[in-house]
Number of protein chains: 2
Amino acid sequence: MNFHFHRQGEDTQPGGMTPYIARRAQDALSIYRTNSEVYGQGEPSGSLYRVEFGCVRIGRVTADGRRQLCSFCFAGDVFGWESDDEHHFFAEAVEETGIRILRPGRDSEASIALFPLVLKSLRRIQEHLLVLGGTKVDERLADFLCEMAERQGDECLVRLPMPRSDVGDYLGVSFETVSRILRRFKERGIIRIPDTHSVEILDMDCLHEISGRASV
Amino acid sequence: MNFHFHRQGEDTQPGGMTPYIARRAQDALSIYRTNSEVYGQGEPSGSLYRVEFGCVRIGRVTADGRRQLCSFCFAGDVFGWESDDEHHFFAEAVEETGIRILRPGRDSEASIALFPLVLKSLRRIQEHLLVLGGTKVDERLADFLCEMAERQGDECLVRLPMPRSDVGDYLGVSFETVSRILRRFKERGIIRIPDTHSVEILDMDCLHEISGRASV
DNA sequence: CGGGGCCTTGATGTCGTTCAACGTATGTGG
DNA sequence: CCACATACGTTGAACGACATCAAGGCCCCG
């Protein structure tokens, strides 16, 4: 479920599924500039963060210098979950991004409200895991485009605010390969690339077929 | 749903770390035989499952026939989380496995008790995701062995109840490669392989170094 | 004794990383 | 306004790693 451009002060709750969070949402709204850090690996955790607009990348830099992104968060997504009191991942703004900081208590009310959200995060990560498990790079890219399309309301015109290197680090693929696969898709008539940060999906069925992600 | 050798009425609680769950744990204890299904993709969800002994694999078969495993669950692990009322993954017993079925309510008490558990699952999956994002197969195997060692109490002698094909499907690698890499580790003196389902880690530091998973 | 899993090992081909060069857009200071 | 710098993106060439195909070994069970 995508809350696009959800602004403060609106009492309407899309879906009405997170009343507790909504009530506390008068907490600070912070604007992060492109590539600025929301939190870093190793910093103390405790708060949750909800994206109001823009895009955030969550990831980690491993000991050997590789950078792996776990997820992108768009408007409506909540991130910052940790199983202990430390952030094991970093969070950075991909573009100019508005983030509302939530400070849920550890009481029952908070748990009830947050449970569906953390399950949603879990679900999304599991899906991503399926993608990374595959060996074919086309599948990964195809799936990525499908995922972005879904999360942006199944529009055919998908916006990709992140650079190619982010896509690569998200999919476990070199950024050169990202570029090449996109060209290949374009040549096959599956997508159009109006500009570097937009992709128009011309043949969604084909894309789904390539990704092969769907369960049997 | 198959209840093999379904027994009831055991009150002993290993660990006793999850009071709420423990109280309800007089629920059924089921014994699943090797390779039997706990639940399948597409079946209705609702319950949680706690492994008492043995090992469970969680995964999915994708449209193109590939099988991807998301996680292994050992004694004490809780699985079966879903964001809606359907299982999107299957769960199968790797070996003879005892599972206690929990039927938590949707009340606050349940949420509070379960929250740390689902966060733990989330954490584990995120770590696994980091591994799958890497390109080198040695890293994946090294990390797998480290993970198994950790979860079995940092013993040097690690038990691998699952077949090589499961390891491969878990790591996104062909089972032949799993076999080859293990041999390579053995030849380098990093591990010993007393029998096919046991690995003795001789040089844990080296293994950690190969995996390169640790954050900076 | 025969059959079927599971594991190992070898040979081969392919796909993706890596290295390298170039193109393009945006911003900065002279 | 132009020269330059910087970041991002595209494209090419070549090597190497891993999947795939294939064969054989081991063990358990019928």
Side-chain angles (χ1 to χ4, degrees), chain A residues 33-36 55 57 64-69 92-96 131-142 144 159-187 191-199 210 212, chain B residues 33-36 55 57 62 64-68 92-96 131-142 144 159-187 191-199 210 212:
Chain A
R33 281 178 327 217
T34 301
N35 291 328
S36 61
C55 176
R57 57 176 164 252
D64 54 352
R66 189 171 57 87
R67 193 182 69 143
Q68 174 68 43
L69 298 186
E92 296 169 349
V94 169
E95 58 186 335
E96 178 123 337
V131 178
L132 289 183
T135 55
K136 292 274 174 287
V137 174
D138 320 38
E139 298 181 11
R140 302 194 186 190
L141 253 297
F144 176 70
R159 202 174 59 90
L160 303 179
M162 68 294 287
R164 298 286 189 263
S165 55
D166 277 6
V167 180
D169 291 342
Y170 180 64
L171 298 177
V173 158
S174 73
F175 66 88
E176 295 100 324
T177 299
V178 173
S179 188
R180 274 187 264 265
I181 303 287
L182 286 179
R183 177 163 56 100
R184 214 178 295 167
F185 284 171
K186 189 176 67 180
E187 287 168 357
I191 62 172
R192 246 173 32 90
I193 307 180
D195 66 296
T196 43
H197 289 294
S198 306
V199 169
I210 293 174
Chain B
R33 283 177 323 207
T34 301
N35 292 326
S36 62
C55 176
R57 57 176 165 252
T62 54
D64 53 353
R66 189 170 58 85
R67 192 182 70 143
Q68 175 68 42
E92 295 168 349
V94 168
E95 57 186 336
E96 177 122 337
V131 178
L132 289 184
T135 55
K136 292 276 173 286
V137 173
D138 321 37
E139 297 180 12
R140 301 195 187 189
L141 252 297
F144 176 70
R159 203 174 58 90
L160 303 179
M162 68 294 286
R164 299 285 189 265
S165 56
D166 277 7
V167 179
D169 290 343
Y170 180 64
L171 298 176
V173 159
S174 73
F175 66 89
E176 295 99 325
T177 299
V178 172
S179 188
R180 274 187 264 264
I181 303 287
L182 286 179
R183 176 163 57 100
R184 215 179 293 167
F185 283 171
K186 189 176 66 180
E187 287 167 358
I191 62 173
R192 245 171 37 86
I193 309 181
D195 66 295
T196 41
H197 290 295
S198 306
V199 169
I210 292 174

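Treat the numbers as computed from the prediction; the structure is a model and nothing was measured. Below, chains carry the letters A, B, ... as their sequence lines are ordered, and counting in each starts from 1. Computation of the quantities below employed the complete heavy-atom set of this structure, encompassing side-chain atoms and omitting hydrogens, waters and symmetry-equivalent molecules.
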Colleague: Who passes salt bridge (charged side-chain N to carboxylate O under 4.0 Å, His left out) against A/Arg67, sequence neighbours left out?
Modeller: A/Asp166, A/Asp169
Colleague: Under the salt bridge (charged side-chain N to carboxylate O under 4.0 Å, His left out) test, which residues partner A/Glu96, sequence neighbours left out?
Modeller: none
Colleague: Under 4.0 Å, counting only non-hydrogen atoms across every strand here, what does A/Thr196 touch: a base, just sugar-phosphate, or nothing?
Modeller: sugar-phosphate
Colleague: Could you tell me which residues satisfy salt bridge (charged side-chain N to carboxylate O under 4.0 Å, His left out) with A/Glu92, sequence neighbours excluded, listed by chain and number?
Modeller: A/Arg57
Colleague: If you look at every strand shown and take non-hydrogen atoms under 4.0 Å, does B/Arg183 touch a base, only sugar-phosphate, or nothing?
Modeller: sugar-phosphate
Colleague: With the threshold set at under 4.0 Å for non-hydrogen atoms, list the residues of residues 165-174 of chain B touching DNA chain D in residue-number order.
Modeller: B/Gly172, B/Val173, B/Ser174
Colleague: Reading DNA chain D 5' to 3', which nucleotide is the first, and which the last, to come under 4.0 Å of any heavy atom in chain B?
Modeller: D/dC18 to D/dC21
Colleague: Reading DNA chain C in the 5' to 3' direction, which nucleotide is the first one with an atom under 4.0 Å from a heavy atom of chain B, and which is the last?
Modeller: C/dC7 to C/dA11
Colleague: Can you name the side-chain contact (heavy atoms from CB on, under 4.5 Å) partners of A/Thr135, sequence neighbours left out?
Modeller: none
Colleague: According to salt bridge (Lys or Arg N to Asp or Glu O under 4.0 Å), does anything in residues 174-184 of chain B pair up with another residue at least two apart or in another chain? List the pairs.
Modeller: B/Asp138-B/Arg184, B/Arg183-B/Glu187
Colleague: I'd like to check the side chain to side chain donor-acceptor pair (under 3.5 Å) partners of B/Ser179; sequence neighbours left out, ordered by chain and number.
Modeller: none
Colleague: Between the axis at one end of the helix from C/dC1-D/dG30 to C/dG30-D/dC1 and the axis at the other (five pairs apiece), what's the angle to 10 degrees?
Modeller: 30°
Colleague: Under the rule for side chain to side chain donor-acceptor pair (under 3.5 Å), what residues qualify as partners of B/Ser198, not counting sequence neighbours?
Modeller: B/Asp195
Colleague: Just to verify, what does B/Gln68 make a side chain to side chain donor-acceptor pair (under 3.5 Å) with, not counting sequence neighbours?
Modeller: B/Arg66
